[in-house]
**Q** 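Here's a structure for you.
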There are 2 protein chains.
Amino acid sequence: MSALNDIPDRQIARPSGLAEEVYRRLRADIMSLRLPPDTRVSVDSLARELGVSQTPIREALSMLEANGLVSKKHFAGYATAPRMERAQLDALFEFRLLIEPHAARKAAEAMVGSDIALLDSGAAASSHDAFADIDTDFHKRIAEGAQNPLIADSLSRLHIHVHIFRSCFRSEIAAEAVHEHGAVIAALQARNGAAAEKAMRRHIERSYARLRDFIKD
Amino acid sequence: MSALNDIPDRQIARPSGLAEEVYRRLRADIMSLRLPPDTRVSVDSLARELGVSQTPIREALSMLEANGLVSKKHFAGYATAPRMERAQLDALFEFRLLIEPHAARKAAEAMVGSDIALLDSGAAASSHDAFADIDTDFHKRIAEGAQNPLIADSLSRLHIHVHIFRSCFRSEIAAEAVHEHGAVIAALQARNGAAAEKAMRRHIERSYARLRDFIKD
DNA sequence: GGATCAAATATCCTATAGGATCGCGGGACG
DNA sequence: CGTCCCGCGATCCTATAGGATATTTGATCC
């Protein structure tokens, strides 16, 4: 563990700097489409709007850039990443299919019962937005349940793009997705790794097919 | 395609800003161990050393932080990430084994012959450092040959950690690794996806075993 | 020699300012 | 009417400065 990042149990957690708060704000705005895809992001406007200087804005945007959520062009400034097109959607789901079924298998073996109990299939979601947030949480928890930070991190990075893509289309809650989530949860509860992997693969494949329909080639 | 990032054939590429140049410098220093793992990185010292103001330093460090190469603690500043320990090495190779064999299979189907011809097994490397650079290039090219930017990007992110880890130990050139690279290349040349996947899996597993020996539990 | 404390120094973080660049609108010209 | 040019305002990018915080150093005491 790095000497800079240790927060053992009894130490007092440090407050965040402004840059980190700006990062969180912008990330949330991107996810919720308050900052839509392919939109100019002005450093000066943001500084005025958030009531801070340009410095933390630029730092936050630098981090968002490294995460692929915004892009930067020298002397022209920043813009949010555009909505995924077909090739990117294909690439993303290829990637998910490599990782998430494996993560579900690992989670079936490693997750503690209290964490499994926190999984929510989204059955009680009252709106598309609520379902999208539950879906994000569902996949995040299982990725974390795989006990591999790289898996959790890489899925987190890409899931935000799924979230944004889906939000652009304001689809109805996918009753199928709720059903598929349920199958994954049942396999996890049964500690059946093979079944969890299979259920997650099926869910990802079906999710891919549903999202693909939004893009007309 | 985002309006900000288009560089169609006849447009003039933009120069980089200072922040990007600082990012490249620091990244190279981290990779070469000129900036060792778990080392404080002072914004003011760097600004003096590189002859620029603090602003591009902070922006570059923000990007490096988002990439996991440095960490930041509020009011205490930045430090390079520590050398991987056993759990992180395990996580990293689990991840590689999910991705790289698949990438090799894809590359066997998709890579053009001229790119395959550029693959270098490292047989002619004259030193450990030269071999490490060739190894990085080898894996990078195959990941790119898989034609999925997410795969290429995620492997690029993690490979730098392998590179740093290996550099810490200054091991001899692994003649075995050269041989394994050769098997991967042969399968790619033969356009045999299954063989490429198998050869890459074998290489990653053996590489893992070799690196694991450096960490005494 | 080790522990403690206070002062000095270095560094972190952010705000502000200024020069460079870009984009837009209006006017001139053919 | 369409095109070109120029000026102006907005924005980008970086340097600088100053207050806040952390680290180091030196003195004192046991």
Side-chain angles (χ1 to χ4, degrees), chain A residues 1-8 10-26 29 35-36 38-66 69-81, chain B residues 2-8 10-26 29 35-36 38-66 69-82:
Chain A
M1 272 210 261
S2 159
L4 277 189
N5 278 333
D6 290 358
I7 313 192
R10 288 185 52 78
Q11 285 193 1
I12 299 173
R14 286 176 177 256
S16 308
L18 289 181
E20 281 179 63
E21 181 58 34
V22 172
Y23 175 81
R24 276 196 284 266
R25 281 282 185 88
L26 291 180
D29 285 350
L35 251 187
D38 211 17
T39 303
R40 282 291 308 274
V41 180
S42 154
V43 174
D44 284 1
S45 297
L46 266 179
R48 285 193 296 270
E49 179 186 329
L50 299 182
V52 298
S53 78
Q54 297 151 356
T55 313
I57 305 286
R58 298 190 66 83
E59 288 180 33
L61 286 168
S62 293
M63 286 193 281
L64 289 165
E65 184 192 12
L69 294 176
V70 300
S71 57
K72 170 177 151 185
K73 197 169 184 181
H74 196 33
F75 286 136
Y78 291 86
T80 51
Chain B
S2 160
L4 276 188
N5 279 332
D6 289 358
I7 312 191
R10 289 186 50 78
Q11 286 194 1
I12 298 174
R14 287 176 174 256
S16 309
L18 289 181
E20 280 178 65
E21 181 57 36
V22 172
Y23 174 80
R24 277 195 285 265
R25 282 281 185 90
L26 291 181
D29 284 351
L35 251 185
D38 212 17
T39 303
R40 284 291 308 276
V41 180
S42 155
V43 175
D44 285 2
S45 297
L46 267 181
R48 286 191 296 269
E49 179 186 329
L50 299 182
V52 299
S53 79
Q54 299 151 354
T55 312
I57 304 287
R58 298 190 67 82
E59 288 180 33
L61 286 169
S62 293
M63 286 193 283
L64 289 166
E65 183 191 13
L69 294 177
V70 300
S71 57
K72 170 176 150 183
K73 197 169 186 182
H74 195 34
F75 287 136
Y78 292 87
T80 51

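Side chains are part of it too, since the values below use all heavy atoms of this structure and drop only hydrogens, waters and symmetry mates.
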**Q** Does the distance from a Lys or Arg side-chain N to an Asp or Glu carboxylate O, for A:Arg25 and A:Glu49, drop under 4.0 Å?
**A** no
**Q** When you check the phosphate oxygens OP1 and OP2 of C:dA15, does a side-chain N or O of B:Arg58 lie under 4.0 Å from one of them?
**A** no
**Q** Assign each of A:Pro56 and B:Val43 to its nearest nucleotide of DNA chain C by heavy atoms, then name whichever residue's nucleotide is nearer the 5' end.
**A** B:Val43
**Q** Side-chain N or O of B:Ser42 less than 4.0 angstrom from OP1 or OP2 on C:dC12?
**A** yes
**Q** Let me know the distance between CG of A:Leu61 and P of D:dT14, rounded to the nearest Å.
**A** 14 Å
**Q** Considering every strand and a 4.0 Å limit on heavy-atom distances, what is the contact class for A:Val22: base, sugar-phosphate, or nothing?
**A** nothing
**Q** How many angstroms lie between NZ in B:Lys72 and NE2 in B:His74, if you round to the nearest 0.5 Å?
**A** 7.5 Å
**Q** Between A:Asp44 (CG) and D:dT14 (P), how many Å, whole number?
**A** 14 Å
**Q** Starting from P on C:dC12, measure out to NZ on B:Lys73 and report it in whole angstrom.
**A** 14 Å
**Q** Does a side-chain heavy-atom distance below 4.5 Å link B:Leu64 with B:Leu61?
**A** yes
**Q** Taking only side-chain nitrogens and oxygens of A:His74, does any of them come within less than 4.0 Å of OP1 or OP2 of D:dC13?
**A** yes
**Q** Below 4.0 angstrom from OP1 or OP2 of D:dT14, is there any side-chain N or O of B:Ser53?
**A** no
**Q** Once you round it to whole Å, what is the distance between P of D:dA10 and CG of A:Leu46?
**A** 17 Å
**Q** What is the separation between atom CD on B:Glu65 and atom C1' on C:dC13, rounded to the nearest whole Å?
**A** 14 Å
**Q** To the nearest Å, give me how far apart CD (A:Gln54) and P (C:dT14) are.
**A** 14 Å
**Q** Nearest to the side chain of A:Thr55, which nucleotide is it out of D:dT16, C:dT14, C:dC13?
**A** C:dT14
**Q** Between C:dA10 and B:Ser45, is there an OP1 or OP2 to side-chain N/O distance shorter than 4.0 Å?
**A** no
**Q** In whole angstrom, give the distance that lies between atom CD of A:Glu59 and atom P of C:dT14.
**A** 6 Å
**Q** Would you kindly compare A:Phe75 and A:Gly51 by the position of their nearest DNA chain C nucleotide and give the one closer to the 5′ end?
**A** A:Gly51
**Q** Quick one, A:Leu46 and A:Leu26 - any side-chain contact, counting heavy atoms below 4.5 Å?
**A** yes
**Q** Using 0.5 Å steps for rounding, measure from the CD atom of B:Glu59 to the OG1 atom of A:Thr55.
**A** 8.5 Å
**Q** Nearest-Å distance, CG (B:Leu50) to P (D:dT14)?
**A** 13 Å
**Q** Quick one: is C:dA10 close enough that its OP1 or OP2 comes under 4.0 Å of any side-chain N or O from B:Arg48?
**A** no
